[in-house]
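One structure is given here, and the rest of the page talks about it.
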Amino acid sequence: MPSLLNPSRPPVFCPGCSHERSLRALDKAFRELHLSPHEVVIVSDIGCSGLFDVFFATHAFHGLHGRALTYATGIKLAQPQATVVVVMGDGGMGIGGAHVLAACRRNLDMTLLVLNNFNFGMTGGQSSCTTPQKARVGSGFLNTLEVPLDVCRTVAAAGAPFVVRRSAYSPDLWEKMAQALRYSGFAVVDVWGLCPGRYLKANPLSPKDVDGMVAEAGVWDGVVAGNERREYGSAYAEHLGHSPVVWDWKGIEAQGRANLFGRHGTLFLGAAGERVLSAGHLWAMTAVRAGLHVTQKNDYNITVMRGPSVAEVLLSPDPIVYPGIEEPDAVVALAREGVERAPQIWSRLTERTLVIQAADVSVPNHAGRTVVVDFKSMKIARKNRAMVSLSILARWTGIFAIEDLVASAAATLPSSQRDGAVRLLRQGAEVPGP
């Protein structure tokens, strides 16, 4: 079975980081279980462990710190056939502790990997809920005042039926991960490792030392006696099947029209402060009001008013299971930062792809049909380009009428933004066609 790692985003961690060993152990477990990328969903949150969803070529969801299990629960209930793996660090474990306890009580068929390196490595090496009291960390003496959390004892006490503790350097780590993935119920794998970027600078340890720490804390090997019980998802489905339907979901009544017969994916590539995400949202809301299914994924830096701003909006008359846009139907290139953020997409464009390109923005060679718009000569400020481009996109794709965009703006935008957005949409409608 081939690797499930993402060939376009090879793993990059600090040299010596134990997370890479955990990542490759998980990949080996996937391969040994003959899992295909479309069968797996990786859910992560903030921190270095949050890179797992990027480094695997599977379905993925990246959310708020400590909240990964909440998203994973919804995904597993909606897609019970999926193999759902949650990856979080000891930081997420502490921040989302209540969610962890709820998952243990619930016993939904998911696997939680806790990549436990005893500190908040990404934000400065501060103490986490698992930091040893004798450790020297970036938050001074605070860890000396608290008893570190024993992840395995905690989750077992909360009802988790399958619990494993291993060092990232343990040769059977992948086997234990595979057992956890196979287990029908909530499985927790507590992986102890080293953070060379932060923790090791003040706490010199070797892999052998970590193995000794695991042995001293106590190895956990899988099934927890007394905690095995009916898996939540199957019990829920059985109960629902014997209960009267308590909702009457009829969807949203269409208030506009859409000329669309298949999936249509648009990438908006801009820079911070150019209202790219707002334009993507208005495009998506116009589709919702027209009765289409919609997903929107945003990508931007944590820096304020600097860096790329990217919105991926997928429209479809049918339910959307996979929200990825592999071959865009339209690309709106508004700023260098956004174009550089998505270097891989240009080789995938075909002669059917519409590219709306700002005249002062360069893009790589591609096979798409390009419409160059001179926003500068039209005296359209950079912050208004994205909104103007919506009307151009609507006209040249034929999916929406301009009046549908205007009606959506009037219905969904705050009153302080409404008049300006409508003016820009009508200005875009006057841009000459190709």
Side-chain angles (χ1 to χ4, degrees), residues 11 13-14 17-27 29-30 40-56 58-76 82-131 148-156 158 160 162-168 173 176-177 180-181 183 186-195 197-199 220:
F13 293 103
C14 295
C17 177
S18 60
H19 287 357
E20 183 160 355
R21 299 184 69 91
S22 299
L23 177 121
R24 297 195 182 280
L26 180 59
D27 183 47
F30 286 152
V40 177
V41 183
I42 293 180
V43 184
S44 68
D45 59 13
I46 307 304
C48 301
S49 64
L51 297 170
F52 270 50
D53 62 86
V54 175
F55 295 150
F56 279 98
T58 64
H59 298 299
F61 190 105
H62 184 82
L64 299 175
H65 210 173
R67 307 301 188 263
L69 281 165
T70 64
Y71 313 125
T73 298
I75 291 169
K76 183 63 180 182
T83 297
V84 179
V85 181
V86 178
V87 183
M88 66 169 61
D90 42 293
M93 177 75 191
I95 291 173
H99 301 306
V100 175
L101 299 181
C104 294
R105 293 189 299 106
R106 189 175 292 120
N107 193 34
L108 187 61
D109 185 17
M110 303 185 296
T111 299
L112 168 63
L113 306 182
V114 182
L115 305 189
N116 191 351
N117 59 14
F118 317 116
N119 77 132
F120 283 89
M122 183 174 276
T123 59
Q126 300 89 347
S127 62
S128 73
C129 65
T130 66
T131 304
L149 180 75
D150 186 314
V151 172
C152 294
R153 290 174 59 191
T154 300
V155 298
F162 189 97
V163 181
V164 167
R165 174 150 50 212
R166 283 294 188 277
S167 155
L173 177 61
K176 289 300 175 183
M177 287 183 175
L181 293 169
Y183 186 79
F186 187 58
V188 180
V189 183
D190 181 24
V191 185
W192 289 25
L194 296 174
C195 172
R198 302 289 186 185
Y199 193 78
W220 289 67

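Contacts of Ala29 classified as side-chain contact (heavy atoms from CB on, under 4.5 Å), with partners at least two apart in sequence or in another chain: Met177, Ala178, Leu181. In this structure Arg24 satisfies the salt bridge (charged side-chain N to carboxylate O under 4.0 Å, His left out) test together with Glu20, sequence neighbours excluded. Under the side-chain contact (heavy atoms from CB on, under 4.5 Å) criterion, Thr70 pairs with Arg67, His99, sequence neighbours left out. With sequence neighbours excluded, the residues that form a side-chain contact (heavy atoms from CB on, under 4.5 Å) with Ser18 are Ala168, Tyr169. For Trp220, the side chain to side chain donor-acceptor pair (under 3.5 Å) test picks out no residue, with sequence neighbours left out.
Val43 places none of its side-chain heavy atoms less than 4.5 Å from the side chain of Lys76. Looking only at side-chain heavy atoms (C-beta outward), Met93 and Thr130 stay at 4.5 Å or farther from each other. With contacts defined as side-chain heavy-atom distances shorter than 4.5 Å, the pair Val191/Arg166 does not qualify. Taking 4.5 Å as the limit, some side-chain heavy atom of Met110 sits within range of a side-chain heavy atom of Leu69. You'll find the side chain of Asp45 stays beyond 4.5 Å of the side chain of Val86, heavy atoms only. Contact check for Leu64 versus Tyr71: side-chain heavy atoms found under the 4.5 Å cut-off.
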Cut-off 3.5 Å, no hydrogens considered: what does the side-chain donor-acceptor table look like for residues 48-56, sequence neighbours left out?
| unit_1 | atom_1 | unit_2 | atom_2 | d |
| --- | --- | --- | --- | --- |
| Ser49 | OG | Gly89 | N | 3.2 |
| Asp53 | OD2 | Ser44 | OG | 2.4 |
| Asp53 | OD2 | His62 | ND1 | 3.1 |

Apply side chain to side chain contact (heavy atoms under 4.5 Å, CB included) to the pair Val41 and Thr58, showing each step before the final yes or no.
CA-CA 6 Å; Val41 183; Thr58 64; over 6 Å; no

Salt bridge (Lys or Arg N to Asp or Glu O under 4.0 Å) assessment of Arg153 paired with Asp190:
CA-CA 11 Å; Arg153 290 174 59 191; Asp190 181 24; over 6 Å; no

Decide yes or no on side chain to side chain contact (heavy atoms under 4.5 Å, CB included) for Ile95 and Met88, but give the supporting numbers first.
CA-CA 10 Å; Ile95 291 173; Met88 66 169 61; over 6 Å; no

Let me see the working for Leu173 and Arg21 under side chain to side chain contact (heavy atoms under 4.5 Å, CB included), right down to the final yes or no.
CA-CA 9 Å; Leu173 177 61; Arg21 299 184 69 91; 5.8 Å; no

Begin with the C-alpha distance, continue with both residues' side-chain angles, and end with the deciding distance and a verdict on side chain to side chain contact (heavy atoms under 4.5 Å, CB included) for Leu108 and Phe186.
CA-CA 5 Å; Leu108 187 61; Phe186 187 58; 5.9 Å; no

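For the atom pair SG of Cys129 and CG of Asp150, the computed distance is 10.5 Å after rounding to the nearest 0.5 Å. Ser127 OG to Phe120 CZ: the interatomic distance, rounded to the nearest 0.5 Å, is 7.5 Å. Considering CG of Asn119 and CG of Asn117, their distance stands at 5.0 Å, rounded to 0.5 Å.
Closest of all the heavy-atom pairs between Cys104 and Val155 is SG-CB, 3.6 Å. Residues Leu115 and His19 approach most closely at CB-CE1, 3.5 Å, considering heavy atoms.
Looking only at distances, no side-chain donor or acceptor of Tyr183 sits under 3.5 Å from a matching main-chain atom of Thr111. Under the 3.5 Å distance criterion, the side-chain polar atoms of Asn116 are left unmatched by any main-chain donor or acceptor of Asp90.
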